Amino acid sequence: MELKAEPLLPGDAVSGACLALTAPISFWGGVDPASGTIIDARHPERGQNIAGRILALPGTIGSSSASAVLLELVHAGKAPAALLVDAPDAILLLGLVVAREMGWPTPPAFRLPAADQAALAGREITISKEGRITPA
Amino acid sequence: MLELTTDERAIAAGSAGEGAAMAMRIVAEAARLMGAPRLIPIASAHIDGALYHGDSGTLFAEKLVAGRARVGVRASLNVGSLAPAGCAAIRLPPHERDMARRMMRAYEAMGCEPSWTCAPYQAGHRPTQGSDVAWGESNAVVFCNSVLGARTNRYGDFLDIACAIAGRAPDYGLHRPENRIATLLIDVGGLSRELRSSDVFYPVLGTILGRRAGSDVAVIDGLQSCTTEDRLKALGAAAASAGGVGLFHVAGVTPEAPDAATALAGSAPRETIVLAPDDIATALARLSTAGPTDRVDAVAIGSPHLSLAEIDELERLMAGRKLKLPLYANTGRHVVGPLEAQGRRGALEAAGVVFVVDTCVVVTPILPELEDAVLMTNSGKFAHYAPGNTGYAVSYGSLSECVESAVAGHLVRETRAWS
């Protein structure tokens with residue numbers, strides 16, 4: 001297995017377990033900003049925790065407060081280790097842009113098509129600075 | 001590739017102060033991420049960023065204030081976590097309350113208007129058709145694009161205030177005419193006129209629109225002379241909470257859609273969806289999570305914030321009766337001000353209405369903490385967010401069913417043909 005993701009927001013190489021969501025999520029109302037637990041009652045991965053995981057997002061929906069929830073997760077030390085998004089999203093990723101402006105340690109974000117994300121579900125992976133994805 | 005003007009580069013480097021620099025860098029970074037070639041001037045902003053989600057947002061706003069940032073365009077404020085002009089008791093612990101207050105003050109200190117509403121378009125902030133603006137709050141975005149015909153992307157927290165300070169926004173997405181053309185046609189003409197002319201239909205239709213359109217632009221055909229501004233408001237709010245909808249057209253109703261063909265720019269739609277009663281039943285069922293129970297602990301209306309017309313209807317339906325259950329009426333200063341002046345607020349409160357002003361029941365802890373509690377609502381947006389944010393299960397119904405349930409103290413359903 002080797003996949004190449006496009007770096008969107010740079011950071012150091014990361015390793016960890018990949019949590020690949022099977023449905024789009026709204027961070028606001030969908031993720032608890034204090035703990036990183038998925039709280040959307042209608043989401044298939046409800047109850048899982050995104051903190052420290054490599055989070056693969058097939059899509060994002062809903063509220064424009066998603067960036068605030070992600071910034072809060074970074075500030076609280078409960079952010080994902082890295083984000084893999086199907087397409088750049090100016091709402092969610094802004095949380096990371098602002099975290100960087102605040103001078104806080106910020107997880108990297110990469111673009112990886114939703115079709116490639118599913119294969120990573122539950123696996124331990126490493127993502128290089130350049131976006132190369134390999135088994136950890 | 002993004003190209004900034006000499007001026008923009010100088011501001012990003014600090015020529016207008018550190019706050020303005022940070023704002024310009026954030027706008028430019030968003031532009032780079034989204035592949036925008038340039039920044040464009042904006043006429044106004046609506047700021048969703050002053051809602052407390054944790055200390056980080058307060059620290060960000062205070063860093064801008066410390067860097068002497070000021071908004072460069074008109075900027076209204078969306079709801080906050082406290083209710084300086086209201087009423088309902090908010091159960092935020094002292095630290096959170098303090099940080100939420102600091103955050104609201106910081107946004108006001110940057111020159112934002114203390115409108116504190118998610119329906120700024122009914123509080124006197126209505127950009128002109130074709131103007132570029134930077135609005136946050138998903139329902140306000142979709143209303144601004146669809147009903148007013150002004151142009152905005154869905155600006156998230158932080159980018160909204162950054163654009164307001166910079167007076168600029170990335171040139172991409174719904175700012176560009178070619179991206180405002182519908183590619184999806186939703187035909188509702190087969191449903192009864194009675195259903196299409198009822199308030200309770202619009203959040204259901206919005207849920208379908210959100211789920212089927214995602215972030216694509218749809219034109220809905222078959223609603224000519226069935227809509228009101230409040231129905232379009234409810235439609236957009238439900239669509240924007242069920243999907244990434246930023247713009248929809250309604251043939252013969254909204255400004256960029258004199259007819260479906262114009263909204264589609266003369267092309268055939270990529271997909272045509274003809275709604276049948278089965279689709280409506282499925283979406284309706286999805287709005288309720290409480291299951292078959294008569295239990296209702298509270299009623300909440302007003303997401304988006306109630307207009308004066310909606311309060312008129314509430315008063316008419318209550319018909320002077322007392323409520324057994326608390327009915328939380330979420331709205332803004334632009335509505336409670338006139339209600340007070342007309343001497344109507346006191347009577348509504350005496351009957352059991354709890355006004356929630358400057359904020360709302362799904363963004364800050366107002367609803368009592370109860371086991372297995374059920375919230376009844378006529379709002380698609382409340383129906384979507386209440387389970388995750390308040391712990392209440394939801395029963396969705398019409399405003400009339402909400403009022404009758406509040407009067408009776410348990411769920412009251414009316415006979416209605418959902419076809």
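Here is how names work: the chains are called A, B, and so on, in the same order as the sequence lines, proteins then strands, and each is numbered from 1. In this text, all values refer to a predicted model and were calculated from it rather than measured experimentally.
The contact between B/R286 and chain A is made by backbone and side chain atoms together, counting heavy-atom distances below 4.5 Å. For A/P33, the part lying near chain B is the side chain, with the backbone staying farther off; criterion is any non-hydrogen pair under 4.5 Å. Both the backbone and the side chain of B/V362 come within contact range of chain A, judged by heavy atoms closer than 4.5 Å. The parts of B/D55 that come within reach of chain A are both its backbone and its side chain, each placing non-hydrogen atoms under 4.5 angstrom from that chain. Only the side chain of B/M34 comes within contact range of chain A, judged by heavy atoms closer than 4.5 Å. Heavy atoms closer than 4.5 Å to chain B are found in both the backbone and the side chain of A/A90. No part of A/R46 comes within reach of chain B, as not one of its non-hydrogen atoms sits under 4.5 angstrom from that chain.
Between chain B and the residues A/L9, A/L92, A/V74, the most heavy-atom pairs under 4.5 angstrom are made by A/L9. For chain B, the option among A/L71, A/V97, A/L93 with the highest count of heavy-atom pairs below 4.5 Å is A/L71. Per-residue counts of heavy-atom pairs under 4.5 Å with chain B were compared for A/D32, A/D40, A/L8, A/I39; the largest is that of A/L8.
A/N49 approaches A/S35 most closely through the heavy-atom pair ND2-O, 2.9 Å. Listed here is the closest heavy atom pair of B/V245 and B/A240: O-CB, 3.9 Å.
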- Message: Could you go through B/H46 and B/D160, starting from their C-alpha distance and side-chain angles, then the distance that decides it, and tell me whether this counts as side-chain hydrogen bond (donor to acceptor under 3.5 Å, both in side chains)?
- Response: CA-CA 7 Å; B/H46 179 65; B/D160 50 16; over 6 Å; no

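Remark: the backbone N or O of B/C118 is paired with a side-chain donor or acceptor of B/N139 at under 3.5 angstrom.
Of the residues B/E96, B/K63, B/R102, the one that meets the side chain to side chain contact (heavy atoms under 4.5 Å, CB included) test with B/T58 is B/R102.
For A/K4, the NZ atom counts as densely surrounded, since its 6.0 Å shell holds more than 12 non-hydrogen atoms of other residues, nucleotides or ligands.
Among residues at least two apart or in separate chains, salt bridge (charged side-chain N to carboxylate O under 4.0 Å, His left out) pairs with a member in residues 91-105 of chain A are A/R100-B/E29, A/E101-B/R25.
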